[in-house]
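Down below is the structure, laid out as structure tokens.
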Protein chains: 2
Amino acid sequence: MLEKYNHSARILVALDCIVFGFDGEELKLLLIKRNFEPQLGKWSLMGGFLNETEDLEVAANRILYDLTGLQDVYFEELKTFGRVDRDPVERTVSVCFFALINIHAHSQDAAKAQNAFWINLKNRPEMIFDHNEMVNLALERLRYRAALHPIGFELLPEKFTIPQLQKLYEAIYDTPLDRRNFSRKILSTKLLIDTGEKNENSATKKAILYRLDQQKYQQQFNAFHYFVSDIRV
Amino acid sequence: MLEKYNHSARILVALDCIVFGFDGEELKLLLIKRNFEPQLGKWSLMGGFLNETEDLEVAANRILYDLTGLQDVYFEELKTFGRVDRDPVERTVSVCFFALINIHAHSQDAAKAQNAFWINLKNRPEMIFDHNEMVNLALERLRYRAALHPIGFELLPEKFTIPQLQKLYEAIYDTPLDRRNFSRKILSTKLLIDTGEKNENSATKKAILYRLDQQKYQQQFNAFHYFVSDIRV
DNA sequence: GTAAAATTGTGTCAAAATAACACATTTAGA
DNA sequence: TCTAAATGTGTTATTTTGACACAATTTTAC
């Protein structure tokens with residue numbers, strides 16, 4: 001039997017999860033109005049603790065599932081936060097993730113059970129601990145990633161129009177984009193498949209509904225390089 | 001006094017550090033030939049445990065300092081590794097960082113004290129635990145970062161020539177680059193200042209020695225976008 | 001001395017990508 | 001059927017990129 005590392009401190013390992021959504025106009029965050037201690041009544045990210053016999057990645061999926069009822073959603077590690085005083089209750093190191101989900105496809109029941117609400121990113125409330133810092137960094141990372149990889153699609157429904165996609169990018173970068181250049185750029189990636197359908201929820205010209213070419217999406221994930229003039233990572 | 005989180009497991013939090021260097025020809029790693037248990041005699045990254053009263057970032061700096069004698073070197077978090085069985089001795093979550101240092105500027109004594117050696121990245125040995133996975137991911141990240149931000153300079157001496165810089169990029173991406181296009185691209189960033197000196201260690205035409213414009217480096221860090229044909233992140 | 005070999009610095013040019021911009025089409029509703 | 005709003009596509013000048021050529025510098029060999 002191997003000897004254990006007797007001289008070092010065992011520390012609580014938490015996970016905190018930032019969930020981004022898009023309602024067609026604004027970027028949103030799924031935040032918890034805490035109905036439990038500590039910090040009851042305040043806003044926070046969804047979080048949890050790593051169990052003794054649980055892989056870190058499994059724990060992240062568990063927390064996402066408990067919040068959204070979704071499995072296999074896009075998420076990536078953001079950073080591990082480890083200031084000594086970040087949680088006043090007890091020393092806790094938190095591995096922070098962010099996820100992108102289709103805002104219409106998750107479980108309302110799961111969200112309700114966690115007392116979670118979609119909040120406009122721009123109007124986000126003060127949050128507990130270092131959660132504000134986490135969200136700021138996550139937005140930065142989202143902008144970085146979305147400029148290089150086609151992750152925007154993760155936030156849209158299965159079928160979507162180019163104008164919808166453009167509105168998403170405009171929300172992510174908080175800047176207007178040229179409609180014609182945007183369309184050309186996106187279509188040149190060949191990632192979009194024309195479904196033959198049109199968006200019927202339109203009072204004017206109905207835009208073409210596309211879906212993502214999943215195979216090309218996987219292949220081209222690392223060769224997307226979406227750039228427009230105002231977007232610098 | 002606040003109540004503690006009584007129902008969750010406390011876990012060892014380790015840090016592992018990948019140190020990259022460049023000897024003018026090849027990318028190198030500063031690896032430990034373990035003269036201590038566990039896994040005595042095997043190769044590993046430099047690591048350590050997070051102390052109870054120590055910020056995570058402070059711990060990373062401590063470990064880097066113990067290995068290199070350097071402070072304020074470039075490093076960034078890579079990922080936190082948390083498979084249950086990643087360390088057979090005991091459940092340990094490891095926050096992995098990577099650093100870029102000038103291979104000629106660190107403390108030989110510190111390295112010797114840790115039994116650390118510079119190893120060609122391409123000939124790297126089998127390492128313990130998930131350290132191989134860490135290094136693979138770090139190389140990927142280095143390539144990603146170096147394509148977008150001017151971090152290559154962190155691996156060079158204060159004064160360097162454009163051909164040296166090119167050799168570095170060729171080592172990072174393991175691909176030959178066109179000398180003329182490279183020079184044009186780098187000079188167009190205006191990040192280089194001509195020192196007026198030349199590289200005297202040359203048997204042929206002596207190349208101009210440049211130094212980095214530190215002010216512009218800070219300003220343009222997020223607007224570098226170094227791309228050449230063969231380099232795709 | 002001078003020629004040869006290796007390396008460095010700079011220039012050219014066609015092709016591709018980008019940014020700015022214009023016009024025609026579709027649809028609901030007046 | 002006319003209008004307003006939104007969508008789809010095209011044009012053009014400018015900038016960036018990639019492929020390539022030539023001149024200059026320096027040491028070494030003769």
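Just so it is clear, the model here is predicted, and its values are computed rather than measured. The chains referred to below are lettered A, B, ... by the order of the sequence lines, with proteins before strands, and numbering in each begins at 1.
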Grab the N/O contacts between the protein and nucleotides 21-24 of chain C below 3.5 Å, and write none if there aren't any.
residue, atom, partner, partner atom, Å
C:dC21, N4, A:Arg180, NE, 3.2
C:dA22, N7, A:Arg180, NH1, 2.5
C:dA22, N6, A:Arg180, NE, 3.2
C:dA22, N6, A:Arg180, NH1, 3.0

Fill in: Whole-Å distance separating the CZ atom of B:Phe182 from the C1' atom of C:dG11
19 Å
Discussion item. Can a donor-acceptor pair be found, under 3.5 Å and without considering hydrogens, that links the side chain of B:Asn115 to the backbone of B:Lys33?
Written reply: yes
Worksheet item: Pick the nucleotide of DNA chain C nearest each of B:Thr204 and A:Lys198; which residue has the one closer to the 5' end?
Response: B:Thr204
Worksheet item: Atom CD1 of A:Ile162 and atom P of C:dT25: how far apart are they, to the nearest Å?
Response: 19 Å
Worksheet, complete the sentence: Heavy atoms of A:Arg145 and A:Ile151 approach each other most closely as CB-CD1, 3.4 Å
Worksheet item: When you match B:Pro163 and A:Ala203 each to their closest nucleotide on DNA chain C, which lands nearer the 5' end?
Response: B:Pro163
Worksheet item: Aromatic ring centroids of B:Phe160 and B:Phe153 under 6.0 Å?
Response: yes
Worksheet item: How long is the line joining CG of B:Leu192 and P of C:dT10, in whole Å?
Response: 12 Å
Worksheet entry | A:Asp194 CG - D:dT7 P separation (whole Å) | 15 Å
Practice prompt. Check whether the side chains of A:Ser94 and A:Asp16 place a donor and an acceptor atom closer than 3.5 Å, and report yes or no.
Written response: yes
Worksheet entry | Donor-acceptor under 3.5 Å (B:Tyr210 side chain, B:Ile162 main chain) | no
Worksheet item: How long is the line joining CG of B:Leu209 and P of C:dT8, in whole Å?
Response: 12 Å
Worksheet item: Nearest to the side chain of A:Lys185, which nucleotide is it out of C:dT10, C:dT18, D:dA5?
Response: C:dT18
Practice prompt. Can you tell me the distance, in whole Å, between the CG atom of A:Leu187 and the P atom of D:dT7?
Written response: 14 Å
Practice prompt. Give the rounded distance in Å between these two atoms: OH of B:Tyr210 and C1' of C:dT8.
Written response: 10 Å
Discussion item. Please classify the nucleic acid contact of A:Ile208 as base, sugar-phosphate, or nothing, using heavy-atom distances under 4.0 Å.
Written reply: sugar-phosphate
Worksheet item: What's the CG-C1' distance between A:Leu165 and D:dG8, to the nearest Å?
Response: 15 Å
Worksheet item: In terms of side-chain heavy atoms, does A:Arg141 have a donor or acceptor partner in A:Asn136 at a distance below 3.5 Å?
Response: no
For residues 63-71 of chain B, tabulate all N or O donor-acceptor pairs below 3.5 Å that involve a side-chain atom, not counting sequence neighbours.
residue, atom, partner, partner atom, Å
B:Thr68, OG1, B:Leu64, O, 2.7
B:Thr68, OG1, B:Leu70, N, 3.0

